Amino acid sequence: MDPNDKEWISEQDRVNKVVEEVKNKIVKLSERTAKIKDRVIDIRKNFWEDVTVNLDEPDDIIETQASLKQQAEFLSERERSHGQLSEQLKTLERLEDSPYFGRIDFKEEGEKDTESIYIGISSLMDKNEDDFLIYDWRAPISSLYYDYPPGKAQFEAVDQTIHGEIEVKRQYIIRNAKIKGMFDTGLTIGDHLLQSVLGNNANTQMKSIVATIQREQNQIIRNEKSDLLVVQGVAGSGKTSAALQRVAYLLYRYREMLTADNIVLFSPNPLFNSYVATVLPELGEENMKQTTFHQYLDSELGKQFTIETPFEQMEFYLNGSGDTYADRVQGIGYKAGLDFKRLLEDFVSQLGEKGIQFRNLTFRGKRIITKIEIENYFYRLDDNLSIPNRMELVSKWLLGRLKEMEQAEQNKDWVLEETELLGKDEYLDIHQQLQDENMFTEDTFDDFLREEYLLRKRVVSKKLKPLKQKVKRLFFVDIKKTYTKLYVEKRFAPKKVHQVPSNWDNICKQTVINLQDKYLTWEDATPFLYFKKLMLGFNANRLIQHLFIDEAQDYSPLQFAFLRKMFPSSRVTLLGDINQAIYAHAIHEETLLSDKMKEKHERITLTRSYRSTKPIVEFTKSFMEHGHLIEPFNREGEKPQLVEVESTEILNEKIVQQINEYQETGYETIAIITKTMKEAKFVYQWLSNRLEVKIMDEAAHTFQKGLLIIPAYLAKGIEFDAVIIHNASKSHYNKELERNLFYTACTRAMHDLSMFSLGQPSPFIEQISKDKFKHYKVHAIQKSNR
């Protein structure tokens, strides 16, 4: 449409009126926020002046405590109100810049009038709070915008389905309260708006996609029925973005019963956590809990073991060699699967009859209850009870024994000596206790003897406290020694039904060495924790109602089974791309995204890629097994280029030339993607002397614009303006799992992709039609190929 067109002018007039109303609301809300802020500051300054403090009488103490509680609750409520108003202000400020992005004219069946519905990131009422000027994108009626072209349409209201007809469907690009673009569109969100969004430079933070949500993405966002939702989305299809909008939708839809604390996202690495961290706040929602699976395991086991990260396992697999390499690779595959899970469960079942290793309980260097006594007590309990229930009964029995011992121990000489080491505060505390006792009785017996008794009791209680805590945590069970029996004792050897690998004995030897060194490889960490929970109880987290797992193709079936046990009340959303399954266990086991997944689930498949230009998508899909199913978005660009060189010197020089070209083009995020961290460090070593560059490792939590060096497995989910594959040679990428790694690396590029090959290119490239990319062979250093 032409900006001089009457309709454009009319639409701009409406934008002006809405923005004026937004500004009025900002003024009013700012005044309220300022008043509450002043009140909060005033309460904090005068907190103790407004509290009645009197500790003379018991009744006065109770009154003082009530007064303190009331004042603290009042302050907390005021602070909460200030926080909520501040968030509302931020949303209004966003509306002031761009009040809405879509409009539908909907005529409800049986009604005479057509209603114009404008859709934005948040609802906005008129001055009198009678009519909606803007509808929140998550409101039921807004689903019409995403799901239907002009024509017959329907949406689900609170208690009924509303039928009608969409007469107009329009999109807007509004910046600084000015319409920059306006288009009438059909079924999907039109190319104009997507071109506007996707043509920009990559950002270091993922952005909200509410203005460009496609129909298939909307199915993910508004899915309310599925207990297990599986999203298989090709690289750049917006699956993660849709999942984050899903979180925002759920928080809006169920705001009376669901908070961000009830949702957890398992993401691939800490860098990704920071990358997606701004999306929900952009939509006025609190961020859900975010963690990685390694962080989760480390929180459970980190005090007992050093746990290998999945990236260290990846480095081993990609760089590995030596006598134990093949054995470990086999072990990685087996320990990821459900066969091994059944082996663990059978092992625990046998331990219910015999074989659990216990620890002696010691106090002040002396053994007070032996592991034999504990073992005998455990195995005398009813074997119909589960092992965790029997462990709880043992714990209660031990605490009873410790209580008896505590009373007997109080009269011993060492206790009186220890009373002299008590702190001043503890003496004062006991003195206060004596005063309190004497307050209610006239018969004040010998205070000196009473004080000594209280002091002795305090000493013994303090000394026994750590031991009691260990007993409550079931520390009397030696989980590591018990688990080791699976690998060393013949009576626990796997039966034929378990189908262990042929090199099981070698796998066992290596596992035992690691356990003795208090080291858990990545493939051993989940099985060990699963075993521990089978023995001691799962302590399931029932607070979490929605569990999101991103890059789900990298989770083993055993890891997923474990998470289902830990979050039994959760609805689960799995997100991933089977083409990006890059971990070693994926060779042996089906991934969670497999069509053969046994658990009942609903599957949504996203086949259209929006991240990369059409030439990049046409290239990357050509070497994947089901690549013909991937649809590129129609955004033009340069074909990927392959530069084949003869020496490291030429390789380095050509890469520097390419970086300079990209920087001159105006690209703000340029990534040199390597196969491994070892390779990344090598590249950084020579490049950092010539250019300003950053290296990203697994400890990185944020990244800024500029030139980055990053291994492919850490770049998952992130996009860059331009990508340089450091070495796309046959020596680097030839194994079948490396096909997925290479695909992951190439699909990070939004606008430009350059691959450099030291010697013969990867067979994955050589199988691609030559018209899909530019191929140069460089025999000497020259300036530029473009």
Side-chain angles (χ1 to χ4, degrees), residues 1-27 29 87-106 115-127 131-139 141-146 150 166-186 188-201 203 205-214 217-218 238 241 245 248 252 278-285 610 635:
M1 286 186 189
D2 190 330
N4 297 317
D5 186 85
K6 283 184 180 179
E7 195 154 7
W8 188 297
I9 294 168
S10 171
E11 288 278 19
Q12 184 61 57
D13 285 343
R14 186 184 192 277
V15 170
N16 295 342
K17 289 173 184 173
V18 170
V19 169
E20 192 60 37
E21 183 57 38
V22 170
K23 286 178 177 176
N24 291 337
K25 289 184 183 290
I26 286 174
V27 170
L29 202 59
E87 288 303 316
Q88 289 173 33
L89 264 177
K90 287 178 187 175
T91 301
L92 285 171
E93 285 162 3
R94 292 189 189 102
L95 292 180
E96 186 181 4
D97 174 66
S98 180
Y100 42 83
F101 52 79
R103 164 188 161 187
I104 49 172
D105 291 358
F106 183 67
E115 183 183 0
S116 289
I117 296 153
Y118 289 83
I119 299 163
I121 63 163
S122 182
S123 295
L124 183 76
M125 304 290 285
D126 63 11
K127 183 167 61 176
D131 295 313
F132 281 97
L133 297 175
I134 309 170
Y135 282 86
D136 191 294
W137 66 277
R138 296 165 288 191
I141 198 168
S142 299
S143 65
L144 294 169
Y145 175 73
Y146 299 111
I166 296 174
E167 296 177 352
V168 173
K169 182 174 179 179
R170 183 168 291 171
Q171 298 167 194
Y172 307 90
I173 299 174
I174 303 173
R175 300 287 181 270
N176 298 319
K178 297 293 179 187
I179 298 176
K180 303 294 184 184
M182 188 168 77
F183 333 98
D184 284 352
T185 187
T188 57
I189 305 305
D191 284 0
H192 292 292
L193 188 56
L194 273 169
Q195 289 284 11
S196 161
V197 173
L198 300 173
N200 296 329
N201 284 333
N203 203 294
Q205 298 288 348
M206 184 179 281
K207 295 297 180 184
S208 162
I209 61 163
V210 290
T212 60
I213 290 168
Q214 304 297 290
Q217 292 169 330
N218 201 40
S241 297
Q245 318 302 308
Y252 173 88
T278 58
V279 175
L280 289 172
E282 246 185 42
L283 298 168
E285 299 292 356
Y610 299 97
R635 183 163 63 88

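Source: prediction; values computed, not measured.
Proximity of Glu93 to Leu95: side-chain heavy atoms (C-beta onward) are nowhere separated by under 4.5 Å. Proximity of Val19 to Pro99: side-chain heavy atoms (C-beta onward) are separated by under 4.5 Å at one or more points. Here the side chains of Trp8 and Ile179 are in contact, with some heavy-atom distance below 4.5 Å.
The two residues Leu29 and Gln88 make their nearest non-hydrogen contact at CD2-CB, 3.6 Å. Annotation for Val210 and Trp137: closest pair CG1-CE2, 3.3 Å, computed over non-hydrogen atoms. Tyr100 and Glu11 get closest at one heavy-atom pair: OH-O, 4.2 Å. In terms of heavy-atom proximity, Ala177 sits nearest to Val15 at O-CG1, 3.4 Å. Of all heavy-atom pairs spanning Ile119 and Ser142, the tightest one is CG1-OG, 3.9 Å. Minimum interatomic distance between Leu283 and Ser208 (heavy atoms only, all atoms of both residues): CD2-OG, 3.5 Å.
With rounding to the nearest 0.5 angstrom, the OG atom of Ser122 is 8.0 Å from the OH atom of Tyr252. Here Lys23 contributes atom NZ and Glu96 contributes atom CD; the two are 5.5 Å apart, rounded to the nearest 0.5 Å. Residue Glu282 holds its CD atom at 7.5 Å from CD1 of Ile121, rounded to the nearest 0.5 Å. Ile174 CD1 to Lys180 NZ: the interatomic distance, rounded to the nearest 0.5 Å, is 11.0 Å. In this structure, CD1 on Ile173 lies 11.5 Å from CE on Met182, to the nearest 0.5 angstrom. Atom CG of Asp131 is separated from atom CE of Met125 by 7.0 Å, given to the nearest 0.5 angstrom.
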**Request:** Would you sort out whether Glu87 and Lys90 count as a salt bridge (charged side-chain N to carboxylate O under 4.0 Å, His left out), showing the intermediate values?
**Result:** CA-CA 5 Å; Glu87 288 303 316; Lys90 287 178 187 175; 3.5 Å; yes
**Request:** Please lay out, stage by stage, how Ile134 and Ser123 fare under the test side-chain contact (heavy atoms from CB on, under 4.5 Å).
**Result:** CA-CA 5 Å; Ile134 309 170; Ser123 295; 5.9 Å; no
**Item:** Audit row: Ile209, Gln214, side-chain contact (heavy atoms from CB on, under 4.5 Å) steps and yes/no
**Value:** CA-CA 9 Å; Ile209 61 163; Gln214 304 297 290; over 6 Å; no
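Here the side chain of Glu21 pairs no donor or acceptor atom with the backbone of Lys17 at under 3.5 angstrom. Checked by atom type and distance alone, the side chain of Lys169 pairs as donor or acceptor with a backbone atom of Tyr145 at under 3.5 Å.
No donor-acceptor contact under 3.5 angstrom links the side chains of Glu20 and Asn16, judged on distance only.
A salt bridge is defined here as a Lys NZ or Arg NE, NH1 or NH2 lying under 4.0 Å from an Asp or Glu carboxylate O, and Glu7 with Arg170 meets this definition.
Not counting sequence neighbours, the partners of Arg138 by the side chain to side chain donor-acceptor pair (under 3.5 Å) test are Asp136, Glu285. Legend: residues meeting side-chain contact (heavy atoms from CB on, under 4.5 Å) with Asn176, ordered by chain and number and at least two apart, are Asp97. Residues meeting the side chain to side chain donor-acceptor pair (under 3.5 Å) test with Gln205, sequence neighbours left out: none.
For the pair Arg14 and Tyr118, the cation sits on the ring face: its NZ or CZ lies under 6.0 Å from the ring centre, inside 45° of the axis.
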